[in-house]
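The sequence lines fix the lettering, A, B, ..., with proteins before strands; numbering per chain opens at 1. Any value given below was found using the heavy atoms of this structure, including those in side chains, with hydrogens, waters and symmetry copies removed.
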Amino acid sequence: MSTLFDPDEPTDSRPMIVHDGPGGFPAVSTPSGTPAGGPGLPGGLPGGGAWAGGDSLLDGLNPEQREAVEYRGPALLIVAGAGSGKTRVLTHRIAGLIGSREAWPSQILAITFTNKAAAEMRERVGALLGQAATGMWISTFHSACVRILRAEAERAGLSSTFTIYDSADSRNVLKRIIKELSADTLGFTAAGVSNKISKLKNELADADSYARNANLSDPQELMFIEIFRQYTRRLRAAQALDFDDLLAETVYLFRAFPATAALYQRRFRHILVDEYQDTNHAQYSFIKELTRPIEPHIVAELGTAGHHVRSLQDASGAIPGASLTVVGDSDQSIYAFRGADIRNIVEFERDYPGAKVVLLEQNYRSTQNILSAANAVISNNFDRKDKKLWTAVGDGAKIIGYTGYSGHDEAQFIADEIEKLHAEGVAYRDIAVFYRTNAQTRALEEIFVRAALPYRVVGGTKFYERAEIKDAMAYLIAVANPADELALRRILNTPKRGIGPATETQLASFAEANGISFRQAMRDAGSLGMGPKVTGAILKLAKLLDEAALMLDPENPAGVSSVSEVLGFLLTESTLLEVLRGSRDPQDETRAENVEELLAQTKDFVKENPDAGLIDFLTQVSLVAAADDLDDSSGTVSLMTLHTAKGLEYDSVFLTGIEEGLLPHQMSASEPGGPAEERRLFYVGITRARKRLYLSLAMTRAQFGETNVAMPSRYLQEIPGDLIEWRQSPGMANSRGGTQPRALNARRDGFGSRGGSGSGSERFGGELPPAPKPKTEWANRVTAQVRDNGDLTLEAGDRIRHVDFGEGRVNQVTGEGTKRIAHVQFDTAGAKKLLIKIAPIEKI
DNA sequence: TTCTATTGGCTTTTT
DNA sequence: GCCAATAGAA
């Protein structure tokens, strides 16, 4: 073990202890102590010699991957097809930079889109380097920005305790503004405005810059600008930033204060960005600012301020821009709707002249059949660089296709197939079901619950979006950031304390009239002349918050309490938990459990981050994403949207709802480039599968409680027919139950009539789906009502009748209480597992 | 003020 | 077919 000098934080230079890592990191200190990156350093790794134990970083990499790991220069673009091992390349590249002593860990900034990707990268770099990984910034765009903004809050004109508003919070604020301005009469909705503002902020526009280019004679435009202004003002007043502000404010900060930017430009010498195709303009600018060279006079300033600059300077006294590595695949760009600009990656070479480009096309994930399907689909997108994924692992199983009569029938097929796979030894955790819209989960969940299939929905209504969690969090936010009016209003009458909207308005106008904060107005409620009961309630709440704030005050002689202690105090004193527990609404029981879960989470947080405070906890919660809480070790099938599936992989993948109107989605049709983006989405879904891929659709789809006819997706015919084995093709599904006359359908030309290769005529049975009549004869019709069989007892040998599957014999009963499962051999429908409590069955 | 009943509006994807 | 917002009654 030895002590190395490391120019760690931009504001101070602390020595750092480097331990011998398990990988045998050589703890040899360089007396000069400056492996500072940048030009002038010898390229390449010192012959793998930096790696004890002889296992070179390059072992097991193909030539292109090696090149991507070894290349040294100002800019590198790695075009990485799906499953081509890009995370491996990135982590090895980072490990190489550090292992060869070209860079200190603290000089590395690796950016990903999700916390999960960041965690995985951190873990893998850690495995390669051991403890030496400490000090690196491996984080998402958003958390990197939060970190910078909190550190530089004063410069940015913010409180370092600023709150982060999620989209629901923003919409709440907008809703109030729209109501106050009566903008709803002009057709403004909170969601619509929120979208537009978000788009503008992603383009680094604000209300003023937008107003400059707007047509001011248009009342709609004028109103929008007014809403935008008010919104900005209110967030400022509440010391709050929305998601888009985090990026934009950081860029503004860097542009306004070159010396502040220089701190980070000096520190981060190697910047790596994952999923570059999904960057929007703000994110692009953030990276652009960070890689900007530092001018000599600012370098001199830094030097005088005691920052370590000498070894970084070039002949002119400037510090050259950091080296930038970006990884991406324009075929996997699926966030254009959120402002992602594919040009960022397409024009990278023009943007960073002299950039090196490495192409990774060998796929290590999927079988050739899956890749062929993916290639075939994506090749229909013109204006793309041709790129063909290939693999050495062989064809593998065919893609399985299935057309259900309804969404429930489709779900039943999936449940059955999953059980089959499981019986063959595929673990549940290696199976995933993808869909385009969250609404599709309903049918899947209904069937999965009945089939007693262990599953979990990734994303969807997230834990932290639940009302009761937001309530509890609002208490914490109100303590951390007293300026946050939104949080205060939220908890004002939760739990019910008799403070209605009338009182709320009174408080707000009192605050405005006297130029005090809402919180102060609450403290002064006594002088408002309201009823004693209401006044008392307000004062009690204000006192509670003040007491909680005191618990966190570093000046408090009683010592500083932890986040969990404060939350526990707030929950008890506010009686929030007590009220939920005592409620007669059965759902409140779950809500109470959720709040208790939150409390448990704060305890874990405190344990894992002993030095972190309330603000750190709130930040972490604000930035967790859907895919982040994905627990790989859990033995459950994962359900998620195609969007959250990006970056993940599973042995067996079910792509559901491959129908017109769903994929491509109705809404995308009107947008320019919409259908192409939807195709990429389909491509992303296909390429998640390692061994088995299932494509399923339904002939009718319930939507808004009405069943509508669904047509096979146009993308389906782009897959060569011989790659798919149809268990039930759209044509077969259609001809079920005899030959009824077929309705001519608009999409006829797409299917069957086109001469496909080989099995072309097989593909959809040659004909198109008719408009199916909602008949009860369909298999697996599921009634929406939740059945309750009460304490129906079954045991092996019993015969039962199932609404859909007919009669069968119970082979075995497993599980306990409400989770008892009957394993039934049906006479005609085969073997099924059923959850006894709710399955539509009766004993005979 | 709070609880209940009814309506209306809605669904694309998310850091 | 669900949720949230609204209106009306206690």
Side-chain angles (χ1 to χ4, degrees), chain A residues 111-118 139-146 164-168 170-172 175 179 184 189-192 194-195 198 201-202 241-248 275 278-280 282-283 333-340 407 434-443 446 458-462 465 467 492-493 495-504 530-531 533-534 537 584-585 622-628 640-646 657 661-671 674 677-678 680-682 684-685 701-707 783-785:
Chain A
I111 298 276
T112 62
F113 270 79
T114 65
N115 292 307
K116 181 171 192 284
S139 71
T140 62
F141 274 107
H142 295 268
S143 46
C145 288
V146 170
I164 301 164
Y165 278 6
D166 66 15
S167 17
S170 310
R171 251 176 285 133
N172 265 329
K175 211 179 289 166
K179 205 167 170 187
D184 43 347
T189 62
S194 165
N195 257 326
S198 172
K201 286 186 177 177
N202 285 334
L241 297 180
D242 64 24
F243 278 137
D244 306 309
D245 286 333
L246 297 177
L247 260 305
E275 309 278 17
D278 285 329
T279 49
N280 60 36
Q283 290 161 335
S333 159
I334 53 172
Y335 283 108
F337 72 92
R338 200 167 86 191
F434 302 154
Y435 37 81
R436 177 67 233 267
T437 66
N438 280 307
Q440 287 168 258
T441 50
R442 199 167 301 147
E446 272 172 24
V458 182
T461 340
K462 283 168 263 172
E465 282 172 10
L492 201 56
N493 201 28
K496 302 257 179 305
R497 12 175 113 80
I499 309 175
T503 317
E504 189 182 324
M530 291 180 291
K533 234 171 126 185
V534 190
R584 56 189 176 84
D585 183 343
S622 303
L623 298 178
V624 291
D628 294 343
M640 68 190 85
T641 64
L642 284 164
H643 282 88
T644 46
K646 198 182 66 163
L662 216 45
L663 188 77
H665 195 275
Q666 202 73 58
M667 294 280 144
S668 73
S670 54
E671 282 160 33
E677 173 144 326
E678 298 281 309
R680 289 194 292 269
L681 200 49
F682 188 39
V684 165
R701 181 73 58 185
Q703 195 180 208
F704 298 130
E706 278 179 26
T707 33
T783 43
Q785 74 188 24

Enquirer: With no hydrogens and no angle check, is any side-chain donor or acceptor of A:Asn115 less than 3.5 Å from a backbone partner on A:Ser139?
Expert: no
Enquirer: Let me confirm one number: the CZ-CD distance from A:Phe113 to A:Glu275, rounded to the nearest 0.5 Å.
Expert: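 Here the rounded value is 7.0 Å.
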Enquirer: Got a sec, which residues hit side chain to side chain contact (heavy atoms under 4.5 Å, CB included) with A:Ala168, two or more places apart in sequence or on another chain?
Expert: A:Asp166, A:Lys470
Enquirer: Which protein N or O atoms sit under 3.5 Å from an N or O of nucleotides 4-7 of chain C?
Expert:
residue	atom	partner	partner atom	Å
C:dA5	OP1	A:Lys175	NZ	2.7

Enquirer: Take atom CD1 of A:Ile111 and atom C1' of B:dT15, then tell me their distance rounded to the nearest Å.
Expert: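 From A:Ile111 CD1 to B:dT15 C1': 13 Å.
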Enquirer: Got a sec, which residues hit salt bridge (Lys or Arg N to Asp or Glu O under 4.0 Å) with A:Asp245, two or more places apart in sequence or on another chain?
Expert: A:Lys201
Enquirer: How far, in whole Å, is B:dT13 from C:dA4 if one measures between their P atoms?
Expert: 15 Å
Enquirer: Show me the protein contacts with nucleotides 10-12 of chain B, counting only N or O atoms at under 3.5 Å.
Expert:
residue	atom	partner	partner atom	Å
B:dT12	O4'	A:His665	NE2	3.3
B:dT12	O2	A:Arg436	NH1	3.0
B:dT12	O2	A:Arg436	NH2	2.3
B:dT12	O4	A:Glu671	OE2	2.6

Enquirer: In whole Å, I'd like the distance from the CZ atom of A:Phe434 to the C1' atom of B:dT13.
Expert: 14 Å
Enquirer: In chain order, what residues pass the side chain to side chain donor-acceptor pair (under 3.5 Å) check against A:Asn493, with sequence neighbours excluded?
Expert: none
Enquirer: Could you state the atom-to-atom distance from CD of A:Glu465 to P of C:dC3 in whole Å?
Expert: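 Value for this atom pair: 14 Å.
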Enquirer: So if I define the base as every atom that isn't primed, P, OP1 or OP2, how would nucleotides 2-8 of chain B read as a B/S/- string at a heavy-atom cutoff under 4.0 Å?
Expert: SSS----
Enquirer: Does the side chain of A:Ser167 get closer than 4.0 angstrom to OP1 or OP2 of B:dT14 through an N or O atom?
Expert: no
Enquirer: Output the rounded distance in Å from CG (A:Leu681) to C1' (B:dT14).
Expert: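 One finds 12 Å between C1' of B:dT14 and CG of A:Leu681, rounded.
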Enquirer: List the residues meeting ring-ring contact (aromatic ring centres under 6.0 Å, His included) with A:Tyr435, not counting sequence neighbours, and say none if there are none.
Expert: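 Partners of A:Tyr435 by the ring-ring contact (aromatic ring centres under 6.0 Å, His included) criterion come out as none, since no residue qualifies.
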Enquirer: How long is the line joining CG of A:Asp245 and P of B:dT15, in whole Å?
Expert: 17 Å
Enquirer: Pick base, sugar-phosphate or nothing for A:Tyr335, based on heavy-atom distances below 4.0 Å to the nucleic acid.
Expert: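 If one applies the 4.0 Å heavy-atom cut-off, A:Tyr335 turns out to touch the sugar-phosphate alone, with no base involved.
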Enquirer: Just to be sure I understand the rule, does A:Thr140 reach a base, reach only the sugar-phosphate, or reach nothing, if contact means heavy atoms closer than 4.0 Å?
Expert: nothing
Enquirer: Pick the closest DNA chain B nucleotide for A:Glu677 and for A:Thr503 by heavy atoms, then say which residue is nearer the 5' end.
Expert: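 So the residue in question is A:Thr503.
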Enquirer: Please list, chain by chain and in numerical order, all residues satisfying side chain to side chain contact (heavy atoms under 4.5 Å, CB included) with A:Ala282, sequence neighbours excluded.
Expert: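 By the side chain to side chain contact (heavy atoms under 4.5 Å, CB included) rule, A:Ala282 matches A:Leu204, A:Leu247, A:Asn280.
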Enquirer: Going by side chain to side chain donor-acceptor pair (under 3.5 Å), name the residues that satisfy it together with A:Ser194, two or more places apart in sequence or in a different chain.
Expert: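 A:Ser194 satisfies side chain to side chain donor-acceptor pair (under 3.5 Å) with no residue once adjacent residues are dropped.
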Enquirer: Nearest-Å distance, NZ (A:Lys533) to P (B:dT1)?
Expert: 11 Å
Enquirer: Taking atom C1' in both B:dT12 and C:dA5, what distance in whole Å separates the two?
Expert: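 It comes out at 23 Å once rounded to the nearest Å.
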Enquirer: Quick one: list whatever passes side chain to side chain contact (heavy atoms under 4.5 Å, CB included) with A:Thr503, sequence neighbours left out.
Expert: A:Ile499, A:Met530, A:Val534, A:Ile538
Enquirer: What's the CD-C1' distance between A:Glu275 and B:dT14, to the nearest Å?
Expert: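 That distance rounds to 14 Å.
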Enquirer: Classify the nucleic acid contact of A:Ala702 as base, sugar-phosphate or nothing, counting any heavy atom under 4.0 Å across all strands shown.
Expert: nothing
Enquirer: Among all residues two or more places apart in sequence or in another chain, which pass the side chain to side chain contact (heavy atoms under 4.5 Å, CB included) test with A:Glu677?
Expert: A:Ala336, A:Phe337, A:Arg680
Enquirer: Rounded to whole angstrom units, what separation is found between the CG atom of A:Asp166 and the C1' atom of B:dT15?
Expert: 11 Å
Enquirer: Only counting residues at least two apart or in another chain, list the ones meeting salt bridge (Lys or Arg N to Asp or Glu O under 4.0 Å) with A:Arg701.
Expert: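 Expected list: A:Glu410, A:Glu659.
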Enquirer: Between the side chains of A:Ser167 and A:Ser170, does any donor sit under 3.5 Å from an acceptor?
Expert: no
